[in-house]
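Within every chain, numbering begins at 1; the chains are lettered A, B, ... in the order of the sequence lines, protein sequences first and strands thereafter. As the structure is a prediction and not an experimental result, all values here were calculated from the model.
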Protein chains: 2
Amino acid sequence: MSKTCNSYSKGQHIFREGDRVFGLFFIKEGRVKIVSSGFNNREQIARLATNGHIIGHRGYGNELYPVSAIALDETYVCFVDNSTIYDAFMNNAKFTYELMLFYSTELRKAELRLRYLAQMTMREKIAGALLYLLDIFGEDEQDGSLNVSLSRQELADLAGTTAEQVSRELTSFEKESIIAKHSRKLILLNHEELNKILSSHNMRIAASSWAAI
Amino acid sequence: MSKTCNSYSKGQHIFREGDRVFGLFFIKEGRVKIVSSGFNNREQIARLATNGHIIGHRGYGNELYPVSAIALDETYVCFVDNSTIYDAFMNNAKFTYELMLFYSTELRKAELRLRYLAQMTMREKIAGALLYLLDIFGEDEQDGSLNVSLSRQELADLAGTTAEQVSRELTSFEKESIIAKHSRKLILLNHEELNKILSSHNMRIAASSWAAI
DNA sequence: ACGTATTCCTGCGTTATTACAGGAATTATG
DNA sequence: CATAATTCCTGTAATAACGCAGGAATACGT
């Protein structure tokens with residue numbers, strides 16, 4: 001049994017684009033972004049993960065990671081290597097089955113996001129990104145703020161636009177009383193309206209699609 | 001054992017966005033596009049599949065398809081229902097394991113494409129779409145043309161742009177001797193150059209990333 | 001083969017997005 | 001608490017992408 005656990009502080013890499021794949025990581029506690037590096041300091045956040053989520057994947061041969069995983073917080077992660085996973089799979093059909101379903105669900109989410117990124121306007125992308133954060137991290141019980149703290153640039157990397165546009169649009173949303181913002185603390189005042197922005201151009205997809213992603 | 005096979009002709013739906021999920025489809029012969037419907041007649045092609053590929057996914061409860069699958073050709077597909085799949089999974093760890101790996105691979109491809117669609121220019125997206133077609137369908141041994149016939153609109157749906165831009169860019173590529181086109185028959189004359197277009201703005205991702213997608 | 005319907009090409013005006021830059025606000029540091 | 005460093009906001013100019021429209025090429029049906 002080869003399982004090792006580690007803490008990572010904010011900004012630290014859990015694995016890097018180009019590293020060899022030796023096994024899977026399970027997030028015990030914390031928040032992680034999965035990013036592919038771009039040009040001009042531009043990154044794309046492929047997905048966000050938190051407690052209980054799996055990151056990375058089991059590797060074949062000399063396979064390399066196509067993305068990096070970076071801690072957003074103090075994060076505690078356990079690693080299980082390829083052969084241990086393989087043994088677990090062969091001895092526990094139910095476990096393999098569950099993991100298969102996990103990947104198939106993630107794939108569907110990614111396919112949906114493909115459309116959003118390819119076709120949405122900036123305003124829609126940013127509304128979608130906020131709802132995505134709500135779905136993954138939830139909001140604080142006290143003040144209703146999103147349980148995550150991202151820079152404007154990170155929001156842009158998630159939404160697929162630039163930091164300037166995020167600033168502009170958040171200001172607009174605030175003027176329209178859809179959100180409140182106090183620096184990086186964001187409060188979604190009107191979930192309904194955010195869903196409407198997303199679905200306004202698209203009556204065929206349920207308004208809650210993003211929430212399901 | 002509940003397995004039924006069917007032929008679908010060009011343009012027919014294999015399943016539709018919003019249908020209940022009853023099981024998995026296996027493509028025996030043909031070509032299929034997986035699309036999410038957009039607004040203004042705009043679709044997004046989430047992925048393309050051919051012989052031996054799996055489409056759809058096993059469903060939980062009342063789950064609905066978030067995308068549609070449409071035949072591009074005369075296509076022969078076999079369907080296996082949820083409970084049959086479940087039994088197969090529980091009795092054949094190796095099979096479940098293989099399927100888990102398939103989904104995990106597809107997920108990685110989708111995550112990479114997210115970045116491409118979010119950050120690339122038109123020209124790069126279209127070069128990427130051509131290389132994607134090459135990877136999935138290959139080229140004819142006789143004349144070297146891509147083994148698939150898509151309209152300009154469908155190419156646009158794949159690349160995440162408009163049909164006009166695809167026309168324009170294909171013409172440019174032809175002038176630069178990167179491709180030859182005879183209506184819908186496209187010949188990639190210079191794979192190297194297409195890869196260069198993709199990687200020109202991005203030295204950190206291997207030039208062949210798209211081909212691996 | 002002929003006429004008709006569809007798809008494709010391409011110029012051009014419009015719109016949306018990006019990039020730059022300077023100042024304001026926030027956070028970090030001694 | 002004061003200063004420095006970073007991040008954030010917002011105006012403006014440049015650029016890229018979109019969409020219309022008319023003509024050309026191609027596919028389709030009889």
What nitrogen or oxygen pairs link the protein and nucleotides 21-29 of chain C at under 3.5 Å?
from: C/dT27; atom 1: OP1; to: A/Ser183; atom 2: OG; distance (Å): 3.3

End-to-end axis angle, where each axis spans five pairs of the helix from C/dA1-D/dT30 to C/dG30-D/dC1, to 10°: 60°

A/Met122 CE - D/dA16 P separation (whole Å): 18 Å

Taking side chain as C-beta onward, heavy atoms only, is B/Ile187 less than 4.5 Å from B/Leu146? no

Residue whose nearest DNA chain D nucleotide is more 5′ - A/Thr171 or B/Gly160: A/Thr171

Nearest whole angstrom, please: distance from the P of D/dT7 to the NZ of A/Lys185. 20 Å

Under 6.0 Å from the CZ atom of B/Arg16, do we count more than 12 heavy atoms belonging to anything else shown? no

Tell me, please, whether B/Tyr132 has B/Arg113 positioned over its six-membered ring: NZ or CZ under 6.0 Å from the ring centre and within 45 degrees of its axis? yes

Can you list every pair that meets salt bridge (charged side-chain N to carboxylate O under 4.0 Å, His left out) and has a residue in residues 22-31 of chain B, with sequence neighbours left out? B/Arg31-B/Asp73

Would you indicate whether the side-chain heavy atoms of A/Leu150 and A/Leu72 approach each other to under 4.5 Å? yes

To the nearest angstrom, the CG-C1' distance between B/Leu170 and C/dT10 comes to 13 Å

Without decimals, in angstroms, what is the distance between B/Gln153 CD and C/dC9 P? 13 Å

Give me the ring orientation class for A/Phe25 and A/Tyr65: parallel if the planes are under 30° apart, tilted from 30 to 60°, perpendicular past 60°. tilted

For atom CZ of B/Arg168 and atom C1' of C/dC8, their distance in whole Å: 12 Å

In whole Å, what is the span from the NZ atom of A/Lys181 to the P atom of D/dC8? 10 Å

So, A/Ser167 and A/Glu164: side-chain donor and acceptor under 3.5 Å apart, yes or no? no

Side chain to side chain donor-acceptor pair (under 3.5 Å) with B/Thr121: of B/Gln119, B/Glu124, B/Lys125, B/Arg123, only one passes, and it is B/Glu124

May I have the distance from B/Leu155 (atom CG) to C/dC8 (atom C1'), rounded to whole angstrom? 12 Å

Please check if any side-chain donor atom of A/Thr171 sits under 3.5 Å from a side-chain acceptor atom of A/Glu174, or the reverse. no

With sugar-phosphate meaning primed atoms plus P, OP1 and OP2, does A/Thr162 contact a base, only sugar-phosphate, or nothing at under 4.0 Å between heavy atoms? sugar-phosphate

Closest-nucleotide ordering on DNA chain C, the 5'-leading residue of B/Lys175 and A/Arg123: B/Lys175

In whole angstrom, what separates A/Gln165's CD from D/dG11's P? 13 Å

